[in-house]
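Working notes, beginning with the structure itself.
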There are 2 protein chains.
Amino acid sequence: MTEKTAKKRHNMRDVARYAGVSVATVSRVVSGASSVADTTQARVRSAIDALNFVPSAAARVINSGRSYMVGALVPTLDHAIFSRFLDALERELADHGFSLVVATTHDDPDREARRAQDLLNLGVEGFVVSGLSHSDAFGDLIARYKTPVIATSYFDPSSPLVTVGYDNGAAALRALDHLVEMGHETIAVLSGPMRDNDRTRARVRALKRQPAQALQFHDVPMGLAASESVEDVLQSDPRVTAILCLSDVIAQGAMNGLRRLDVRVPEDMSVVGVDDLPSSQSIWPPLSSVHLPVTRMGTCAAERLARWIETGERARPLELETRMVARSTVRSLDGRAREP
Amino acid sequence: MTEKTAKKRHNMRDVARYAGVSVATVSRVVSGASSVADTTQARVRSAIDALNFVPSAAARVINSGRSYMVGALVPTLDHAIFSRFLDALERELADHGFSLVVATTHDDPDREARRAQDLLNLGVEGFVVSGLSHSDAFGDLIARYKTPVIATSYFDPSSPLVTVGYDNGAAALRALDHLVEMGHETIAVLSGPMRDNDRTRARVRALKRQPAQALQFHDVPMGLAASESVEDVLQSDPRVTAILCLSDVIAQGAMNGLRRLDVRVPEDMSVVGVDDLPSSQSIWPPLSSVHLPVTRMGTCAAERLARWIETGERARPLELETRMVARSTVRSLDGRAREP
DNA sequence: GATCATCGTGTAACTAGTTACATCTGGCCC
DNA sequence: GGGCCAGATGTAACTAGTTACACGATGATC
């Protein structure tokens with residue numbers, strides 16, 4: 001109420017003047033580290049209350065060189081697999097004293113690089129990204145800033161990035177093995193868009209390396225639109241008894257398409273997915289799927305990134321296991337073809 | 001490579017010394033505002049490249065007083081309704097030059113207050129929160145910092161917080177009206193946990209104010225566990241022909257329970273939800289639900305918060321419309337009771 | 001009673017970058 | 001050739017908070 005009514009936020013100098021002490025003393029009271037006499041302490045505290053003083057985060061950052069923020073660059077927030085992952089990531093990071101800044105890339109490498117620059121300008125101390133393929137601009141950025149980065153949803157110990165994730169090829173093979181064990185011989189593989197998605201590419205690559213199986217590959221549009229592609233798939237080969245979908249969203253779309261064609265799942269056709277989304281349990285029939293350990297991945301990525309930032313020691317890659325969750329797939333009747 | 005090999009990050013003074021100019025000149029080159037001779041500019045730029053100089057975000061914040069960050073406090077990231085919302089929020093905020101810092105509260109008001117303090121320490125310029133009920137600590141915090149806050153998922157023009165959302169009571173009544181129009185007279189209402197969730201409370205309150213209807217209220221556990229509660233619901237009154245679930249997750253659980261009891265949906269029992277999750281379209285039968293405009297809510301909340309921060313003028317509350325999406329509900333056969 | 005240690009506190013120099021003001025140089029006009 | 005203006009650049013004082021060091025006042029020990 002004196003001379004500075006215009007200025008909204010008070011700083012330490014104001015508090016010091018009000019309490020009749022030096023800024024150093026105020027700083028000591030606020031940080032609580034050094035010893036300050038009880039009477040002085042009380043005087044400073046009442047000054048802080050009177051002036052509604054709150055210390056500036058930026059000034060503290062400037063001195064400590066620490067921002068306690070990490071950035072997550074994900075394709076989208078609107079997908080159960082990423083939101084699960086981020087939920088675990090955020091929780092673990094909070095336990096380590098870090099805050100999470102999220103930015104969406106929408107699978108656009110240029111946008112990823114731009115958003116990464118934004119986050120670096122904010123002062124993030126590390127990144128969590130999805131997959132291995134990133135633009136050169138992004139690579140330059142992290143090399144220049146020497147920022148710790150953990151790449152997730154992918155495990156590759158030979159990558160220049162530190163990966164915490166699973167073997168996407170192995171995950172796809174788990175689904176295939178399950179179908180083969182169930183006696184299925186002619187299997188259709190449905191994959192979504194592969195451009196800018198190295199996880200899907202790795203899954204397809206692994207399946208294509210299995211010459212023993214009669215696999216038929218189909219590219220389908222993402223989401224529920226996959227349901228319309230199912231008719232083409234069945235017409236292309238009547239011997240198909242199982243559909244292997246490289247994501248649960250595609251699998252759910254395929255199941256809708258089969259229902260429309262009056263093909264019963266699993267009696268007439270087995271369907272498996274990859275992701276094991278929560279919703280895959282609540283549909284009917286419950287979808288068999290390869291479970292991806294995204295919650296653990298979030299926890300482990302957070303832990304490793306936090307340690308990397310604190311110690312300066314590059315984290316080590318970590319492989320997490322996927323597992324097949326059989327729910328509604330059934331034994332093929334010895335390769336007997338569907339009724340047309 | 002000279003005397004400061006230990007120091008990792010170079011600052012403007014280093015660049016100035018290297019280029020043989022003053023810090024002011026470097027600052028001018030970096031900000032690009034004032035006029036600097038071409039030759040000097042080139043010299044400074046090569047110094048910047050040579051030293052791998054990147055300006056400190058915190059120092060800029062300290063001078064501008066701006067952090068260009070906003071915080072979102074949500075119950076969880078692992079729920080389709082919040083991740084949709086945050087996806088839209090993040091996208092719109094990015095267009096306004098803001099970054100989004102997320103923190104999860106897990107419906108714990110104390111945790112919310114703690115995380116809010118963390119975010120304020122980071123220097124966020126505004127908040128997006130869910131619902132109206134928050135701890136006193138949170139209220140004190142935002143009052144003290146005079147931080148702009150937008151409360152979402154709720155519309156209440158009389159609230160001290162600025163709300164951008166929908167009328168939760170009206171949303172529940174939309175579901176009820178739909179069932180009544182379809183001729184249903186005896187309706188069970190399933191609600192999840194209400195403690196610390198004012199959205200659910202508002203929905204229940206609105207339904208309880210409808211004395212004309214024979215509504216039977218049941219509290220059920222969240223998630224798929226809801227499927228086990230369905231048997232009790234049906235046994236408590238055999239005349240029930242429709243189940244109104246206050247969230248889609250509960251509705252999906254209820255549909256699973258009905259399937260186990262061999263009650264056909266919708267022939268024997270109509271089910272409606274509230275949320276209209278993406279997964280509600282891909283289940284069978286597709287779930288009728290009240291659509292909540294969460295994507296628009298994210299966009300509008302971001303827009304209003306950004307404007308509030310930029311102009312200092314308190315945003316105005318905004319009501320968004322919900323709408324009934326009928327997918328699998330059917331006309332009741334004149335209140336005929338189910339076969340036991 | 002002198003010496004030393006300790007506690008409380010202030011001074012001032014840091015952290016990194018911005019910017020108002022001063023200064024210097026050169027070109028142009030009269 | 002003096003005066004004037006503009007462009008380019010430096011100086012130093014800001015932004016807010018931390019902290020090494022110094023100083024003075026106690027109290028305890030010899």
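Reminder, nothing fancy here: chain letters follow the sequence lines and each chain counts from 1.
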Provide, to the nearest angstrom, the distance between the [atom1] atom belonging to [X] and the [atom2] atom belonging to [N].
X	N	atom1	atom2	result
B/R17	C/dA16	CZ	P	11 Å
B/N11	C/dC14	CG	C1'	12 Å
B/H10	C/dG17	NE2	P	12 Å

Exercise. Is there a donor-acceptor pair under 3.5 Å between the side chain of B/R304 and the backbone N or O of B/R316?
Worked result: yes
Problem set entry | Any side-chain donor near an acceptor of the partner, B/D156 and B/S158, under 3.5 Å | yes
Problem set entry | Dot-bracket summary - DNA chain C, pairs being Watson-Crick or G-U whose distances fall under 3.5 Å, with | when paired to another strand | ||||||||||||||||||||||||||||||
Seminar exercise, completed: Applying salt bridge (charged side-chain N to carboxylate O under 4.0 Å, His left out) to B/E90 and not counting sequence neighbours gives A/R111, A/R115
When you measure from the side-chain N and O atoms of [X] to the phosphate of [N], is any distance below 4.0 Å, counting only OP1 and OP2?
X	N	value
B/T40	D/dT9	yes
B/S35	D/dA8	yes
A/S56	D/dA16	no

Exercise. Counting side-chain heavy atoms from CB outward, which of D/dA16, D/dT11, D/dG17 is closest to B/I62?
Worked result: D/dA16
Pairs under 3.5 Å (N/O, protein and nucleotides 18-21 of chain C):
| residue | atom | partner | partner atom | Å |
| --- | --- | --- | --- | --- |
| C/dT18 | OP1 | B/R60 | NE | 3.2 |
| C/dT18 | OP2 | B/S27 | OG | 2.8 |

So, [X] and [Y], do they make that salt bridge, N to O below 4.0 Å?
X	Y	value
A/R114	A/D110	no
A/E125	A/R66	yes
A/R84	A/D87	no

Seminar exercise, completed: Heavy-atom closest pair (B/L122 atom, A/S67 atom, distance to 0.1 Å) is CD2-O, 3.2 Å
For this session: Identify the two heavy atoms, one from B/P293 and one from B/L320, that lie closest to each other, and give their separation to 0.1 Å.
Result: CG-CB, 3.6 Å
Exercise. What is the distance from atom CD of B/E310 to atom CG of B/L305, rounded to the nearest 0.5 Å?
Worked result: 10.0 Å
Exercise. So what does A/V61 hit on the nucleic acid, given a heavy-atom distance under 4.0 Å: a base, only sugar-phosphate, or nothing?
Worked result: nothing
